[in-house]
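Only heavy atoms go into these numbers, but all of them, side chains included; no hydrogens, no water, no symmetry mates. Just so it is clear: chains get the letters A, B, ... in the order the sequence lines come, proteins before strands, and each one is counted from 1.
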Amino acid sequence: MSRAQREIVISDGKALRMYCCGPTVYRDAHVGNLRTFLLGDLISRLVQVSGFSMHNVQNITDVGHMVDDLHEPREAPSEEDKVLTQAAMEHKDPFTLARSYEAKFHKDIARLGIRSFDIYPRASESIELMFALIQKLIDSGHAYVGEDESVYFSANSFESYGALSGNKLEELVPGHRYEYVGDGAKRFHADWALWKAAGERTEMVWESPWGRGFPGWHIECSAMSLHYLQSHVDLHLGGIDLRFPHHENERAQSNAATLSEVTDHWVHGEHLLFEGRKMSKSAGNVLLLEDLVQAGYDPLALRLVFMENRYRSQMDLNWEQISAAHGTLQRWRSKYQEWSKAELHNDQAIVAELIESIFEPLRADLDTPKALLKLRAIERDANISDRTKAQVFESVDKFFGLDINRVEVAKELPAAAEELLTTREQARKERDFARSDQLRDQLLELKIKVIDGPSGQSWEVIP
RNA sequence: GGUCGGAUGGCCGAGAGGCGAGGCUCAGGACUGCAAAUCCUGCUACACGGGUUCAAAUCCCGUUCCGACCUCCA
């Protein structure tokens, strides 16, 4: 364990094993969640473009994740399950609700150009795996059954607890942010539940060797990652907020069960702010990918904005950046089409060199801003032939995933606009420029931008 | 209170002892009937106070301010 940047190694020499903490499917994933999910895609693409195999897993948390910000003002941690709470609010069966948000999650990541992982195991379908893991931890003395029939992990039993997050057990006592409500069945304040007794709860509960109940959040990821990645994780990904307690606890569980350091690398994506503030329901600034699409932007513009910022820096998103990225994307696609028509030069060595100059900062530290900077420099460089530019852009897009070779298809034109365009074309022929300018303004109100070129007018729908 | 990050031009943001990142906005120019797009040019900054050095945005000491995490979260 160290906090330094280290070279990533494929431990079995075959495929890089990566585990990403996935969504809790009780609501739509906002763009901040998506930024972290994108990080998994960028790593996967980089590994694959570099010629290595990838084995990646992302879990779906559909049970056991406790409520956080559904209540205002913030109170002590609630003993309610996020999925159950939301299901009650929407008057739906919890599993139906979870599956519908899971489907939305898949739709969103697809629109962001995130390629599917190998497997998306669901927590609710991994209960047996958790039983086995919990039993193992009880047998080895790392976990105990409390008086309330819940099973707890004993934080003190794991020697290096805190190594990941930098927390020390004795300093965790204060619970500075809220009055810690003592949980009678725990033997130590920092212990956490692996299995929770059902109590009054009737939905999403399972019969276990310790009684009826449901799994704790942290054990889910340990169970699924150990099972699907054969007890070793080369790279474990998640949002920075998961570093503690989620990943700290996960590490303790997994390591204690396997007597090994299960995860080689922990990579944490930094948080995204929107218009200067953390996205939250109470602040009313939660941005969904759907909002962006509704506003007329290409979802891949968001992908570009994210890549223009470092994954481990906090970033502040705003509409201006989205709009700028949307414009850049359009320009690149249009230039790519032009460049592709240019004469072919035999300069494969230059192409390879330019491509390498882009991948170099990516391999060093997934430095997407620097890589994009080089790409922009190539775009502008008059000494590089157009066809070479096309080849470079096409090649590096396997990593960037911006659909550079997409031919923009004209959007549906409102009927009213069609007529205005015809009239305007006529007015221009007659050199009635006052009339044509007036029509251009009218079209702009309909979100149609008219462009006059050497071969006549053309138009596009603007966001 | 503990731990960890920051502070750079109108705005966003890299960089990490000498060689002016880049983007956005804005202004000027080319092109255009005019716009738009595109291209060219311009705006030249490193929180504050000390210190080290031939040379500091960068290193050291101190100060101020901001943010994150501290058993909710991507």
Considering only atom C1', compute the distance from B/rU8 to B/rA45 and round it to an integer number of Å. 6 Å
Using a 3.5 Å distance criterion without hydrogens, assess whether the side chain of A/R440 forms a donor-acceptor pair with backbone atoms of A/L443. no
Taking the C1' atom of each, how far is B/rC24 from B/rA16, in whole Å? 25 Å
Under-3.5 Å donor-acceptor pair between A/D452 side chain and B/rC34 base: yes
Once you apply the 3.5 Å cut-off to both distances, tell me the Watson-Crick or G-U wobble partner of B/rC24, or none. B/rG10
Phosphate OP1/OP2 of B/rA74: any A/R312 side-chain N/O under 4.0 Å: no
Nearest-nucleotide check on RNA chain B, A/D367 vs A/G453; residue mapping nearer the 5' end is A/D367
Would you mind checking if A/D403 and A/R333 are paired as a salt bridge, meaning a charged N to carboxylate O distance below 4.0 Å? no
Before accepting this row, confirm whether a basic side-chain N of the pair A/D62/A/R122 lies closer than 4.0 Å to the acidic partner's carboxylate O. no
Could you check whether A/R428 gets within reach of a base, just the sugar-phosphate, or nothing at all, counting any heavy atom under 4.0 Å? base
Can you figure out which of B/rG23, B/rC69, B/rG67 approaches the side chain of A/Q314 most closely? B/rG67
Rounding to the closest angstrom, what is the interatomic distance between B/rG18 and B/rC60 at atom P? 15 Å
Closest to side chain of A/T36, choosing from B/rU71, B/rA74, B/rC40: B/rA74
Considering every strand shown, what is the Watson-Crick or G-U wobble mate of B/rC31 when both distances are under 3.5 Å? none
Give the nucleotide from the list B/rC69, B/rG23, B/rG13 with an atom nearest to the side chain of A/R376. B/rG23
If I pick the C1' atom on B/rA56 and the same atom on B/rG23, what distance separates them, to the nearest angstrom? 27 Å
Atom CG of A/N318 to atom P of B/rG13: distance rounded to whole Å? 9 Å
May I ask you to say what A/G238 touches in the nucleic acid, namely base, sugar-phosphate or nothing, with a heavy-atom cut-off under 4.0 Å? sugar-phosphate
Heavy-atom count check: over 12 atoms from other residues, nucleotides or ligands less than 6.0 Å from A/Q337 CD? yes
Out of B/rU71, B/rU38, B/rA74, which nucleotide sits closest to the side chain of A/H65? B/rA74
Check ion pair A/R45-A/D41 (N to O, under 4.0 angstrom): yes
Within less than 4.0 Å of OP1 or OP2 of B/rG6, is there a side-chain N or O belonging to A/R310? no
Can you tell me how far P in B/rA14 sits from the matching atom in B/rA47, rounded to whole Å? 15 Å
How far does CD1 of A/I109 sit from CZ of A/F37, to the nearest 0.5 angstrom? 8.0 Å
With the side chain of A/R27 defined as its heavy atoms from C-beta on, choose the nearest nucleotide among B/rU71, B/rC24, B/rA74. B/rA74
On RNA chain B, more 5' by nearest nucleotide between A/R431 and A/I240 is A/R431
Nearest to the A/E379 side chain among B/rG33, B/rA74, B/rC39, which nucleotide is it? B/rC39
Measuring from the side chain of A/L373 (C-beta onward, heavy atoms only), which nucleotide among B/rA74, B/rC24, B/rA21 has the closest atom? B/rA21
Take atom CD in A/E430; do more than 12 heavy atoms of anything else shown fall under 6.0 Å from it? yes
For B/rU52 versus B/rC61, give the span between their C1' atoms, rounded off to a whole number of Å. 11 Å
What is the separation between atom CH2 on A/W319 and atom C1' on B/rC12, rounded to the nearest whole Å? 17 Å
Please report, rounded to the nearest Å, how far the P atom of B/rG23 is from the CG atom of A/L375. 13 Å
May I ask you to evaluate whether A/K335 reaches the phosphate of B/rC39, defined as a side-chain N or O under 4.0 Å from OP1 or OP2? yes
Mind checking A/H30 for me? I need base, sugar-phosphate or nothing, with any heavy atom below 4.0 Å counting as a touch. base
Return the CG to CG distance between A/N309 and A/L317, rounded to the nearest 0.5 Å. 8.5 Å
Winner on side-chain proximity to A/A190, out of B/rU38, B/rU71, B/rA74, is B/rU71
On a whole-Å scale, what distance lies between the P atoms belonging to B/rA37 and B/rC26? 10 Å
Using whole Å, report how far CG of A/L372 lies from C1' of B/rC24. 15 Å
Under 4.0 Å, heavy atoms only, any strand: does A/H271 hit a base, just the sugar-phosphate, or nothing? base
Can you tell me how far P of B/rA37 sits from CZ of A/R440, to the nearest Å? 11 Å
Candidates B/rA37, B/rU38, B/rG23 - which lies nearest the side chain of A/R331: B/rU38
Any-strand Watson-Crick or G-U partner of B/rC48, both distances under 3.5 Å: B/rG62
I'd like to know if A/N167 reaches the base of B/rG2 with its side chain, counting only an N/O donor and acceptor under 3.5 Å. no
What integer distance in Å separates A/L273:CG from B/rG67:C1'? 8 Å
Measure distances between side-chain N and O atoms of A/R35 and base N and O atoms of B/rA74, and say whether any donor-acceptor pair falls under 3.5 Å. no
In the structure shown, which nucleotide is the Watson-Crick or G-U wobble counterpart of B/rC69, with both distances under 3.5 Å? B/rG2
Given the C1' atoms of B/rC48 and B/rC54, what is the spacing between them in whole Å? 26 Å
Are a donor atom and an acceptor atom from the side chains of A/D241 and A/H271 found within less than 3.5 Å of each other? yes
Choose from B/rU71, B/rC24, B/rG33 the nucleotide whose nearest atom is closest to any side-chain atom of A/S436. B/rG33
Roughly, in whole Å, what's the span from CD in A/E270 to C1' in B/rG13? 16 Å
Whole Å only: how far is the CG atom of A/L317 from the C1' atom of B/rC24? 14 Å
